[in-house]
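Labels below follow one simple rule: chain letters A, B, ... track the order of the sequence lines, proteins then strands, and each chain is numbered from 1. Note: hydrogens, waters and symmetry copies are ignored here, and every other heavy atom, side chains too, is used. Fair warning: this is a prediction, and the values are worked out from it, not measured in the lab.
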There are 2 protein chains.
Amino acid sequence: MASEKTQVVTRVTAILNAIALHGAQGARLLDLAQETGIARPTVHRILQELAEAGFVEQRASRRYGLGSALYLLGLGAPSPINDFAGLKKVVHRLADQTGDAVYVAIRRLDGVHYLMRADGSYPIRAEIVEVGETVPLGVTFAGVALLSWHEPEAVEAQLLANERLRRRMKAVEMSDVQDTVTAVRQAITQVHERGYFFDKDTVLHGVSGMAAPIPSKTSEPYMAITISAINDRLPPARVDELAPLLLEAAREIGTFIR
Amino acid sequence: MASEKTQVVTRVTAILNAIALHGAQGARLLDLAQETGIARPTVHRILQELAEAGFVEQRASRRYGLGSALYLLGLGAPSPINDFAGLKKVVHRLADQTGDAVYVAIRRLDGVHYLMRADGSYPIRAEIVEVGETVPLGVTFAGVALLSWHEPEAVEAQLLANERLRRRMKAVEMSDVQDTVTAVRQAITQVHERGYFFDKDTVLHGVSGMAAPIPSKTSEPYMAITISAINDRLPPARVDELAPLLLEAAREIGTFIR
DNA sequence: GAAAAAAGTCCGTTGAACGGACTTTCCGTC
DNA sequence: GACGGAAAGTCCGTTCAACGGACTTTTTTC
């Protein structure tokens, strides 16, 4: 493993990516060392140096999070979304049409990051994720939809790797790993056949959702759009009814991104 | 210079920051080597490694720009703006009140990055900068307003350092360096006395503007708000009239940021 | 199409990066 | 409030990854 002919730069990027996956609450030094496979003193030293440059910040809890210098760099980095206003319009339209909550998420390393949400008129709302959150691939509806573009072996590896992270998710009762792997495999077949993923109770008991990958002009799908509601709002008949709307929205958004 | 006890991480951050300052058109290898003071082969190697991680991208022109991995990391980094919707409202209100173009910019390393723009109803519009652009500190109205929080020596160093960058700006006729330094010194005094900066013709012949630093709860000002219009729209009497509106907007926005 | 300039590559030398071992700080528990 | 286990932080001798001078290739300019 060690002899890739370069160390520090690769390590720096690995550490930053690892921190990103820990989201808002920040990452512990020990976790970062384990996840990157780098010795703890080394991670510590690199973190100090990154902190000096404002690329990471150490919170009061001693956990490390991304620093605001990265926010500023991010402003200058090319966004894959060419027309955010257009995207927004499509999402709100879908929320109006369906009455339910619509999310848009973007693939972010081994996770999905929730970019925006539009609420429909139906008063009962299931708050599975918040905008700005990053959740491991394969955990949420959008995450499964995007996972479907991976090789089967990669999928399985991902799911096992997720286990630890997944347990962190509040209010989620998980079935055991093997069950999950099988379930997600079936889900992936579904995405390939119908173009979208539908399921209930998997993410949060009582909540149904359907998610479609958003096609990209230049690469495999890296964004997804989700409709989510309580189980009673999404019986099979209504899923069939909503599917064309969901897929059309995905197609349209595909024209607004790289 | 060499013995700061750390190299690569500092260098990586320096290179990324240097690239950021080159904006959309990208940076040449040679420029980056000069600007960071690192030997060209070294910069080249680090760039290759960063490119592999998606942190930088090499364009067809062989120039280097920030990569989309940084966009994704930026999504997870803490934004200093707590309430973007509130900020937007204030800016649009000011544009409506004045009829002129209003910009909001954020300090970004040795430059200012333009975050948003709202147009007023007046039909003649001076497009000095575009949203998303980064311009060296002290070049635009907002840039001068923010420069006023630096130590005098730092200001002078900044201005001299800007000269090279500044020449790149399209359509800008510059007076010679000494004149500029003197002019900016006066401008800074003005900001300290009145709380805002007003000038005409400095940035672009025929264009006047006034800019106020936005106070931050937690640090010195790092954002600014600008009103800009053609000279005839901003005679001294109107400047006096607009100043309270500008300062009030700046104060309000200050409550929406860190 | 020659010359200049920039980009990219090679490789021997060396000091920055590494990480095992140690110390300090934090925090839950009784 | 002080004990103890766990995580964070520091030290320092060893070593190999990073460095950059010198060279080659590609691009641009005239």
Mind calculating the distance between [atom1] ([X]) and [atom2] ([N]) to the nearest angstrom?
X: A:Leu29; N: D:dT10; atom1: CG; atom2: C1'; value: 12 Å
X: A:Leu30; N: C:dC27; atom1: CG; atom2: C1'; value: 16 Å
X: A:Gln48; N: D:dC11; atom1: CD; atom2: C1'; value: 15 Å
X: B:Tyr64; N: C:dA6; atom1: OH; atom2: P; value: 14 Å
X: B:Arg59; N: C:dA7; atom1: CZ; atom2: P; value: 14 Å
X: B:Leu47; N: D:dA18; atom1: CG; atom2: P; value: 15 Å
X: A:Asp31; N: D:dA6; atom1: CG; atom2: C1'; value: 13 Å

Sugar-phosphate atoms are those with a prime plus P, OP1 and OP2; base atoms are the rest. Using that split, label each nucleotide of nucleotides 18-25 of chain C B, S or - for protein heavy atoms under 4.0 Å, 5' to 3'.
BBBB---S

Is a side-chain donor or acceptor of [X] paired with a backbone partner of [Y] at a separation under 3.5 angstrom?
X: B:Lys217; Y: B:Ile257; answer: yes
X: B:Thr36; Y: B:Leu32; answer: yes
X: A:Ser216; Y: A:Pro221; answer: no
X: B:Gln25; Y: B:His22; answer: yes

Does a nitrogen or oxygen in the side chain of B:His44 sit under 4.0 Å from OP1 or OP2 of C:dG8?
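Result: yes.
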
Distance check: side-chain N/O of A:Gln58 vs OP1/OP2 of D:dG9, anything under 4.0 Å?
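Checking D:dG9 against A:Gln58, a side-chain N or O does come within under 4.0 Å of OP1 or OP2.
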
Going from CD on B:Gln58 to CG on B:Leu47, what distance comes out if it is rounded to the nearest 0.5 angstrom?
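Result: 8.0 Å between the selected atoms.
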
Specify the residue among A:Val9 and A:Ala27 whose closest nucleotide of DNA chain D lies further upstream toward the 5′ end.
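That would be A:Ala27.
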
Assess the side chains of B:Thr140 and B:Tyr114: does a donor N or O sit below 3.5 Å from an acceptor N or O?
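Yes, B:Tyr114 and B:Thr140 have a side-chain donor paired with an acceptor closer than 3.5 Å.
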
